[in-house]
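Take a look at the structure set out below.
The basis for the numbers below is simple: all heavy atoms, side chains too, and nothing from hydrogens, waters or symmetry mates.
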Amino acid sequence: MATQPAPRSYQSWTATDTAPDTFNLDAGKYGLTVRAGVWGTATLNRVLPDGAGGTFLVPMTAALAANGYTVIELPAGKYILTLAGVTALTGALEQIAPGRMGG
């Protein structure tokens, strides 16, 4: 049985033009910030087994087509950021720590 990389709460990309490797994340609320030199689309997908030895992708965000920031709630698991027509994408996916209200 293969060992899985430990989940984590942060992933970043620097000036990439191709889909980066898959990565594991802990469950939680995340902030996704992206910027690109030229935009096509970028989509955060969850990677799941297909039951036949392969995998399939489940979109966790709508296709992003501009620089920006979005907040998403994610279950623990394996993810990949897929790119189409994007050049020089830089960004980060960071877990948002629960805050504490005054008092």
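Through chains of ILVMFWY side-chain contacts below 4.5 Å, Tyr69 is grouped with Val71, Ile96. Other members of the cluster containing Tyr10 do not exist, because no ILVMFWY side chain is joined to it at under 4.5 Å.
Nearest heavy atom pair, residue Leu81 against residue Ala42, reads CD1-CB, 4.4 Å. Closest approach of Ala76 to Arg46, counting heavy atoms only: O-NH2, 3.0 Å. The minimum heavy-atom distance between Pro59 and Asn45, with the atom names listed, is CA-OD1, 3.2 Å. The shortest heavy-atom contact between Val47 and Tyr79 is CG2-C, 4.1 Å. When all heavy atoms of Val34 and Ala66 are compared, the closest pair comes out as CG2-O, 4.1 Å.
For the atom pair Leu74 CG and Thr61 OG1, the distance stands at 9.0 Å (nearest 0.5 Å). Interatomic distance, OG of Ser9 versus CG of Leu93, reported as 9.5 Å (0.5 Å rounding). Atoms CD1 and CG, on Ile80 and Asp21 in that order, are 7.5 Å from each other to the nearest 0.5 Å.
Transitive grouping of hydrophobic side chains (ILVMFWY, heavy atoms separated by less than 4.5 Å) brings Leu25 and Trp13 into a common cluster.
Residues meeting the side chain to side chain donor-acceptor pair (under 3.5 Å) test with Gln11, sequence neighbours left out: Arg8. Not counting sequence neighbours, Thr90 has no partner by the side chain to side chain donor-acceptor pair (under 3.5 Å) test.
Side-chain atoms of Pro75 and Met60, non-hydrogen and from C-beta on, do get closer than 4.5 Å to each other. In this structure, Leu32 and Leu64 have side chains that are in contact, with non-hydrogen atoms separated by less than 4.5 Å.
Within the structure, the side chain to side chain donor-acceptor pair (under 3.5 Å) test picks out the following pairs touching residues 28-43 (sequence neighbours left out): Trp39-Asn67.
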Could you tabulate the donor-acceptor pairs under 3.5 Å formed by side-chain atoms of residues 51-58, not counting sequence neighbours?
none

